[in-house]
Colleague: 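Below you will find the structure I want to go over with you.
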Amino acid sequence: MGAMKIALITGGNRGIGRSAAEHLARDGVGVGVTYNAHADEAEAVADAIGGVALQLDVTDIGDFPDRLREALRAKWDRDTFDFLVNNGGFSRGGLVADVTEQDVDDLFAVHFKGPLFLTQALLPLLADGGRIVNLSSGLARFTSPQRAAYGSIKAAVEMLTQYMAAELGARGITANVIAPGAVATDFSDGLLRDNPDFQAHIASLTALGRSAVADDIGPAIANLLREGNHWITGQRIEVSGGLHL
């Protein structure tokens with residue numbers, strides 16, 4: 001068995017990020033989780049899985065690479081890590097007719113510039129042969145009311161991922177997309193999680209007959225990062241239970 005792999009998951013304090021952290025830890029991966037404003041949640045996740053928690057605002061990366069390097073050395077005696085999961089984000093609505101410039105700027109800063117410039121900043125710390133997983137959305141394939149900007153920006157993330165795969169392949173680094181469908185988490189202020197009628201509606205549109213929870217997505221991220229998937233790169237993998245087929 002090789003040396004322990006190390007993963008960094010942005011937004012790993014709750015929802016899909018937390019589930020991915022827990023499942024990677026079960027696979028024997030060392031995990032660092034980042035949080036923006038919920039330190040208590042992140043520390044609880046890190047304590048439970050034997051990992052570390054680090055504060056990060058993806059729109060203001062600052063000294064994060066230095067803090068990550070220190071954490072890697074202190075926790076795992078490593079100068080590099082192996083898996084970067086760009087998961088952190090938020091949802092905001094808006095029709096084409098009424099979405100505001102501020103809405104678009106805020107979404108773009110977190111969901112596109114965030115993964116791009118965090119990946120850029122961490123390339124010196126990402127080991128050769130490493131993996132990048134970017135989170136997209138089923139909304140990059142199909143439309144839904146009030147999600148014009150969000151879905152379009154996620155589509156841009158999918159194209160960015162192909163460029164990452166093409167440009168980083170010389171280092172043996174893969175880059176892929178996991179695209180969830182509707183998931184009952186804190187996302188969108190718990191819109192799906194707290195609305196049984198909406199859950200039933202989503203279930204009626206889903207081949208597998210129910211709406212998703214975070215633990216439907218986290219294991220897929222962990223699975224993609226297993227050794228047997230090392231030859232997959234530049235791909236979009238939708239994990240939606242067959243939503244809107």
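This one's a predicted model, so the numbers in the text were calculated from it and none came from an experiment. We're numbering straight along the sequence, starting at 1.
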Colleague: Side chains of Ser19 and Pro219: closer than 4.5 Å at any heavy-atom pair?
Modeller: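 Touching, per the 4.5 Å side-chain cut-off.
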Colleague: Any chance you could measure Thr119, atom OG1, to Leu126, atom CG, to the nearest 0.5 Å?
Modeller: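 Going from the OG1 atom of Thr119 to the CG atom of Leu126 covers 8.5 Å.
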Colleague: Any donor-acceptor pair under 3.5 Å linking the side chain of Asp216 with the backbone of Val213?
Modeller: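 The answer is yes, because a donor-acceptor pair under 3.5 Å joins these two groups.
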Colleague: Could you list the residues that satisfy side chain to side chain donor-acceptor pair (under 3.5 Å) with Arg26, not counting sequence neighbours?
Modeller: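 Side chain to side chain donor-acceptor pair (under 3.5 Å) check on Arg26 returns His23.
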Colleague: Mind checking the CD1-CD1 spacing from Ile9 to Ile221? Nearest 0.5 Å is all I need.
Modeller: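 Going from the CD1 atom of Ile9 to the CD1 atom of Ile221 covers 7.0 Å.
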Colleague: Looking just at side-chain N and O atoms, do Thr10 and Asn87 make a donor-acceptor pair shorter than 3.5 Å?
Modeller: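 Absent: no donor and acceptor within the cut-off.
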Colleague: Among Thr174, Ile132, Leu168, which residue satisfies the side-chain contact (heavy atoms from CB on, under 4.5 Å) criterion with Thr233?
Modeller: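 Looking at Thr174, Ile132, Leu168, the match for Thr233 under the side-chain contact (heavy atoms from CB on, under 4.5 Å) is Thr174.
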Colleague: So, the side chain of Gln55 versus the backbone of Asn36: is there a donor-acceptor pair under 3.5 Å, distance only?
Modeller: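 Judged by distance alone, yes, a pair lies under 3.5 Å.
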Colleague: Under 3.5 Å, is there a donor-acceptor pair between the Arg226 and Asn223 side chains?
Modeller: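 Yes, side-chain donor-acceptor contact under 3.5 Å.
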Colleague: For a 4.5 angstrom cut-off between non-hydrogen side-chain atoms, does Tyr150 reach Arg92?
Modeller: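 When only atoms from C-beta onward are counted, Arg92 and Tyr150 do not touch, as no gap falls below 4.5 Å.
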Colleague: For the pair Asp105 and Lys113, find out whether any cationic side-chain nitrogen is under 4.0 Å from an anionic carboxylate oxygen.
Modeller: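 Salt bridge flag = no for Lys113 with Asp105.
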Colleague: Got a second to check how far Leu122's CG is from Phe81's CZ, nearest 0.5 Å?
Modeller: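 Going from the CG atom of Leu122 to the CZ atom of Phe81 covers 4.5 Å.
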Colleague: If hydrophobic residues (ILVMFWY) are linked whenever their side-chain heavy atoms come closer than 4.5 Å, directly or via other members, who joins Leu208 in its cluster?
Modeller: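 Hydrophobic cluster check, Leu208: no partners found.
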Colleague: Can you name the closest pair of heavy atoms from Pro180 and Ile16 and give their distance?
Modeller: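 For Pro180 versus Ile16, the nearest heavy atoms are CG-CD1, 4.0 Å.
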Colleague: Would Met164 and Asn134 satisfy side chain to side chain contact (heavy atoms under 4.5 Å, CB included), going step by step from the backbone distance to the final call?
Modeller: CA-CA 10 Å; Met164 288 180 177; Asn134 295 323; 3.5 Å; yes
Colleague: Please determine which of Arg18, Glu41, His38 meets the side-chain hydrogen bond (donor to acceptor under 3.5 Å, both in side chains) test together with Asn13.
Modeller: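 Single pass found, and it is Glu41.
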Colleague: Quick one: are Phe117 and Thr59 in side-chain contact, heavy atoms under 4.5 Å?
Modeller: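 Answer no - side chains too far apart.
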Colleague: Measure the spacing between CG of Leu139 and CD of Gln146 and express it to the nearest 0.5 Å.
Modeller: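 If I round to the nearest 0.5 Å, the distance is 12.0 Å.
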Colleague: If the condition is side chain to side chain donor-acceptor pair (under 3.5 Å), which residues does Arg141 pass it with, not counting sequence neighbours?
Modeller: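 Checked Arg141 against side chain to side chain donor-acceptor pair (under 3.5 Å); matches are Glu238.
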Colleague: Does a side-chain heavy-atom distance below 4.5 Å link Leu84 with Arg131?
Modeller: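 No, their side chains stay 4.5 Å or more apart.
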Colleague: Could you report the tightest heavy-atom contact between Ala222 and Leu24, atom names first, then the distance?
Modeller: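 Looking at all heavy atoms of both residues, the shortest contact is CA-CD2, 3.8 Å.
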Colleague: Do you reckon Phe90 sits in the same ILVMFWY cluster as Tyr35, going by side-chain contacts under 4.5 Å, direct or chained?
Modeller: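 No, Phe90 and Tyr35 fall in different hydrophobic clusters.
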Colleague: Other residues, nucleotides and ligands only: do more than 12 of their heavy atoms fall within 6.0 Å of CG on Asp77?
Modeller: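 It does not: Asp77 CG has 12 such atoms or fewer within range.
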Colleague: Examine distances only and state if a side-chain atom of Asp103 and a backbone atom of Thr100 form a donor-acceptor pair shorter than 3.5 Å.
Modeller: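 A pair under 3.5 Å: yes.
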Colleague: With a 4.5 Å heavy-atom cut-off, do Asn86 and Leu135 have their side chains touching?
Modeller: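 A side-chain contact is absent here, since even the closest heavy-atom pair is not under 4.5 Å.
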Colleague: Could you please spell out the steps behind the side chain to side chain contact (heavy atoms under 4.5 Å, CB included) verdict for Val85 and Leu225?
Modeller: CA-CA 10 Å; Val85 181; Leu225 293 171; 4.0 Å; yes
Colleague: Using side-chain heavy atoms (C-beta onward) and a distance below 4.5 Å, is Leu72 in contact with Thr80?
Modeller: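 Leu72 does not reach Thr80 side chain to side chain.
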Colleague: Considering residues at least two apart in sequence or located in another chain, which fulfil the ring pair (Phe, Tyr, Trp, His ring centres under 6.0 Å) criterion with Phe64?
Modeller: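 If we apply the ring pair (Phe, Tyr, Trp, His ring centres under 6.0 Å) test to Phe64, skipping adjacent residues, there are no hits.
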Colleague: Testing the basics here: between Ala214 and Val183, what is the closest heavy-atom pair and its distance to 0.1 Å?
Modeller: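 Looking at all heavy atoms of both residues, the closest pair is N-CG1, 3.6 Å.
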Colleague: Can you tell me how far apart CG (Leu56) and OG1 (Thr34) are? Round to the nearest 0.5 Å.
Modeller: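 Interatomic distance, Leu56 CG to Thr34 OG1, rounded to 0.5 Å: 4.5 Å.
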Colleague: Do Ser211 and His201 come within less than 4.5 Å of each other through their side chains, counting heavy atoms only?
Modeller: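 Heavy-atom side-chain distance check fails, nothing below 4.5 Å.
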Colleague: Give every residue pair that meets the ring-ring contact (aromatic ring centres under 6.0 Å, His included) criterion with at least one member in residues 209-245, sequence neighbours excluded.
Modeller: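 As it turns out, the ring-ring contact (aromatic ring centres under 6.0 Å, His included) pairs with a partner in residues 209-245, which skip direct neighbours, are Phe142-His244.
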Colleague: Under a 4.5 Å cut-off applied to non-hydrogen side-chain atoms, are Val133 and Phe83 in contact?
Modeller: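 No; the side chains remain at least 4.5 Å from each other.
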Colleague: Do you know which of Leu68, Leu8, Ile6 makes side-chain contact (heavy atoms from CB on, under 4.5 Å) with Leu125?
Modeller: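 Among Leu68, Leu8, Ile6, the one that satisfies the side-chain contact (heavy atoms from CB on, under 4.5 Å) with Leu125 is Leu68.
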Colleague: Taking salt bridge (charged side-chain N to carboxylate O under 4.0 Å, His left out) as the cut-off, I'd like each qualifying pair that reaches into residues 155-164, sequence neighbours left out, listed once.
Modeller: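 Qualifying pairs: Glu158-Arg236.
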Colleague: May I ask whether Val104 and Leu160 are part of the same hydrophobic cluster, defined by side-chain heavy atoms of I, L, V, M, F, W, Y residues being less than 4.5 angstrom apart, directly or through others?
Modeller: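 Unlinked, Val104 and Leu160 end up in two clusters.
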Colleague: Side-chain heavy atoms nearer than 4.5 Å, only ILVMFWY residues, links allowed to pass through others: does that put Val177 and Leu243 together?
Modeller: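 They do not share one cluster, since no chain of ILVMFWY contacts under 4.5 Å joins Val177 to Leu243.
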Colleague: To the nearest 0.5 Å, how far apart are CD1 in Ile232 and CG in Asn176?
Modeller: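 Going from the CD1 atom of Ile232 to the CG atom of Asn176 covers 6.5 Å.
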Colleague: Given the rule in the salt bridge (Lys or Arg N to Asp or Glu O under 4.0 Å) test, do Arg73 and Asp79 qualify, once you have shown the distances and angles that lead to the verdict?
Modeller: CA-CA 6 Å; Arg73 289 174 177 166; Asp79 290 314; 2.5 Å; yes
Colleague: Between Gln199 and Asn195, does any side-chain donor sit less than 3.5 Å from a side-chain acceptor?
Modeller: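 No, Asn195 and Gln199 have no side-chain donor paired with an acceptor closer than 3.5 Å.
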